[in-house]
Amino acid sequence: MPENKNKKVSGAEAIMMSLLNEGVDTVFGYPGGAIMPAYDALYDYRDRIRHVLVRHEQGASHAAEGYARVTGKPGVCLVTSGPGATNLVTGIADAIMDSVPIVCITGQVHKKALGTDAFQETDVIGITIPITKWNYQITNAEEIPRIFAKAFQIARSGRPGPVLIDITKNAQIDTFDYAYERIESTRSYTIITRPQDSEVDQAASLLNNAKRPFILVGHGVLISRAEEELRLLAEKGDIPVASTLLGLSAFPADHPLFVGMLGMHGNYAPNVLTNEADVILAVGMRFDDRVTGDLASYAKQAKIIHIEIDPAEINKSVQAEVALLSDAKEGLRALLPKLETKQRNEWKDEFKRLTEQEQEKVIEAEVNPQSGEIKMGEVVRLLSEKTKGEAIIVADVGQHQMMAARYYQYMKPDSYIASGGLGTMGFGLPAALGAKLGAPSREVVAIVGDGGFQMTLQELGTIAQEGLPVKTIILNNNFLGMVRQWQELFFDNRYSFVHLDNPDFVKIAEAFRVQAERVENRNDLSAALDRMLKSQKAYLLDIKVENEQNVFPMVPAGASISDIRLE
């Protein structure tokens, strides 16, 4: 039932009614002068729209991302003009890179003051044009219903992404006759969701005749909820499956066809054997440089089938033999009945052989160390075992992010949330609180580094105020670990400004009324994880890990993925 009224309403109230018409129940925001009329209207809607008061606007955008990633619905931010709007920019850029639907609503000065350098006036439209799917400045209240309907339709459809609505103060105050109609399509924004039959036939023929086929899975599989179609297709064709970083959890980690993660710090077998496959089916992924390495040597022997909803991504980096311009779910559905049932034991055995090498040279020492300091991988693997691979892991950016990707065994979809394309330090904690609000029945654990944590640790205040039982693990090595690793390997051990003289994170957490403890000895690790997981409230573990530990395997920057190093 549309939230319409047969009387005049203010623009501010129209904002709230429009949010309800789009099914919004949660908003992440921070009030200020230019958005104050909207916040005044929100006061009367607080029983239907939960407002989460973040401690920094960047936290609002990342929290909205976390919420969107687990619900599939657009996350919503509400902030003021000037610095309020510009503080959203990092999260907006993060969302466009990772195809995350968020709707950002920013206040703006009065229409008459536009262009006068009024207090807290910033050209947020100009600033965000390159990092949004669409943005618009509302200067008249009558525009609100139409623009909100269009904004939500664009954010959630096709390849999802961020949109921004900038609303002048007068448009929030003026009154008009409100009526709302949801938009399901926009004439200027055409989305093709189903592939052409001829392309499906070509793709099926390539796969059916392949000797060494390989499926590469990206974030698009999770966005389109195509996990079941992917599993059925892989099983029918007996085809090994590997995942990009953001594709993790689209395919169960314990499935016999899952061979691991692609990319710079991915698993050995899928990286090496990408360059030996004869047919590659890439689903909902964009051939990011961290996956391909040197493009001149990437999969030159393979015929590529690319299922992708964004035409701009097809043939952008890697040439496709067959391109299925479609939603991942629809593309896989169309392909499944035309795929022949096969057995490919010899091809699968090649993955097993290389996986055993990685297990022996890297994994065993990482997850089962016999002595020395605590290792990041052993923390993650133990957490995985205790949660049966069913928690939502929200990673920040750095070495810990790669360890969380490599050593947690993801068993359920939408379980690994991280900043992929932009690589945003500070993403983890606010995204975790957003994820918890979006999936309150699931365990949510933020795995962060000591560097990234200090960029947004103030969101512990939001977690405490909202009473959210978000669990946080700091893998603390007193370094900007990933930068230090590169300086060690490629800059002759010249550790240029990467050491961190950290504060007492336990005291900081306790100051925010979040229970916390420090773990320095391996013998204390298991019991500390148990206490954290059993807690019904927010909990933080500051775990001291090996200071100069490196993440391997590793593809050196600019190298071929076949040159991946195990040590």
Side-chain angles (χ1 to χ4, degrees), residues 19 23-32 35 39 42 46 49-80 84-106 131 155-156 160-164 392-397 414 416-420 422 424-440 442-448 452-472 512 514 538 540:
L19 292 176
V24 173
D25 55 16
T26 304
V27 171
F28 305 93
Y30 205 98
I35 199 67
Y39 267 88
L42 180 58
R46 63 192 187 279
I49 299 175
R50 180 174 184 171
H51 179 271
V52 179
L53 179 63
V54 296
R55 297 306 188 262
H56 189 285
E57 291 89 354
Q58 182 179 343
S61 54
H62 293 325
E65 287 186 275
Y67 179 90
R69 290 277 290 270
V70 299
T71 64
K73 302 190 302 181
V76 178
C77 308
L78 183 66
V79 303
T80 194
T86 59
N87 282 343
L88 288 178
V89 166
T90 297
I92 296 171
D94 195 272
I96 197 74
M97 291 285 278
D98 289 348
S99 305
V100 182
I102 62 174
V103 175
C104 300
I105 305 161
T106 59
I131 55 171
R156 65 176 173 255
V163 299
L164 183 139
I392 295 173
I393 302 300
V394 186
D396 209 88
V397 170
D414 299 313
Y416 179 74
I417 296 174
S419 170
L422 198 64
T424 306
M425 291 178 68
F427 172 89
L429 191 65
L433 77 88
K436 186 63 181 178
L437 283 163
R442 294 188 65 185
E443 186 78 81
V444 175
V445 182
I447 297 180
V448 301
F453 178 66
Q454 292 183 77
M455 291 191 172
T456 52
L457 63 79
Q458 68 272 13
E459 299 308 333
L460 285 174
T462 308
I463 289 169
Q465 183 167 334
E466 294 293 323
L468 299 174
V470 173
K471 312 300 168 56
T472 303
F512 280 108
V514 171
L540 181 144

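- Contact of the V444 side chain with the V394 side chain is registered, since non-hydrogen atoms from C-beta on lie closer than 4.5 Å.
- The only member of T106, L42, V79, L78 that meets side-chain contact (heavy atoms from CB on, under 4.5 Å) when paired with I35 is L78.
- Between P101 and A155, the closest heavy-atom pair is CB-O, 3.2 Å.
- Interatomic distance, CD1 of I447 versus CD1 of I417, reported as 12.0 Å (0.5 Å rounding).
- Inter-residue side-chain proximity for I102 and P74 is flagged as unmet; no heavy-atom pair is nearer than 4.5 Å.
- With contacts defined as side-chain heavy-atom distances shorter than 4.5 Å, the pair D25/K73 qualifies.
- For the pair Q454 and T456, the minimum side-chain heavy-atom distance is 4.5 Å or more.
- Considering all non-hydrogen atoms of both residues, R55 and Q458 come closest at CG-O, 3.2 Å.
- Formation of a donor-acceptor pair under 3.5 Å by the D396 side chain with backbone atoms of G426 is found in this model.
- Between F453 and L460, some side-chain heavy-atom pair lies under the 4.5 Å cut-off.
- Between E466 and K436 there is no salt bridge, since none of the side-chain N atoms of the basic residue sits less than 4.0 Å from a carboxylate O of the acidic one.
- Listed here is the closest heavy atom pair of A68 and V100: CB-CG1, 3.8 Å.
- With sequence neighbours excluded, no residue forms a ring-ring contact (aromatic ring centres under 6.0 Å, His included) with H56.
- Side-chain atoms of V76 and L19, non-hydrogen and from C-beta on, do get closer than 4.5 Å to each other.
- Across all non-hydrogen atoms, the minimal contact from G29 to A60 is N-CB, 4.3 Å.
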- Would T26 and V52 count as a side chain to side chain contact (heavy atoms under 4.5 Å, CB included) if you check the C-alpha gap in whole Å, the side-chain angles of each, and the deciding distance to 0.1 Å? CA-CA 7 Å; T26 304; V52 179; 4.1 Å; yes
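- Considering SG of C77 and OH of Y30, their distance stands at 15.0 Å, rounded to 0.5 Å.
- Rounding to the nearest 0.5 Å gives a distance of 8.5 Å between CZ of R50 and CZ of F28.
- In terms of the ring-ring contact (aromatic ring centres under 6.0 Å, His included) criterion, F512 has no residue partners (sequence neighbours excluded).
- Here the shortest heavy-atom pairing between G428 and A446 reads O-CB, 4.3 Å.
- Atom CG of L457 and atom CG of L540 lie 10.0 Å apart (nearest 0.5 Å).
- Atom CG of D98 and atom CZ of R69 lie 6.0 Å apart (nearest 0.5 Å).
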- Checking side chain to side chain contact (heavy atoms under 4.5 Å, CB included) for the pair I392/E443: CA distance, chi angles, key distance, verdict? CA-CA 6 Å; I392 295 173; E443 186 78 81; over 6 Å; no
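- Shown here are the ring-ring contact (aromatic ring centres under 6.0 Å, His included) partners of F427, two or more places apart in sequence or in another chain: H62.
- Considering every non-hydrogen atom in both A538 and I463, the closest pair reads CB-CG2, 3.7 Å.
- From L88, atom CG reaches atom SG of C104 across 5.0 Å, with rounding to the nearest 0.5 Å.
- A donor-acceptor pair shorter than 3.5 Å can be found between the side chains of T462 and E459.
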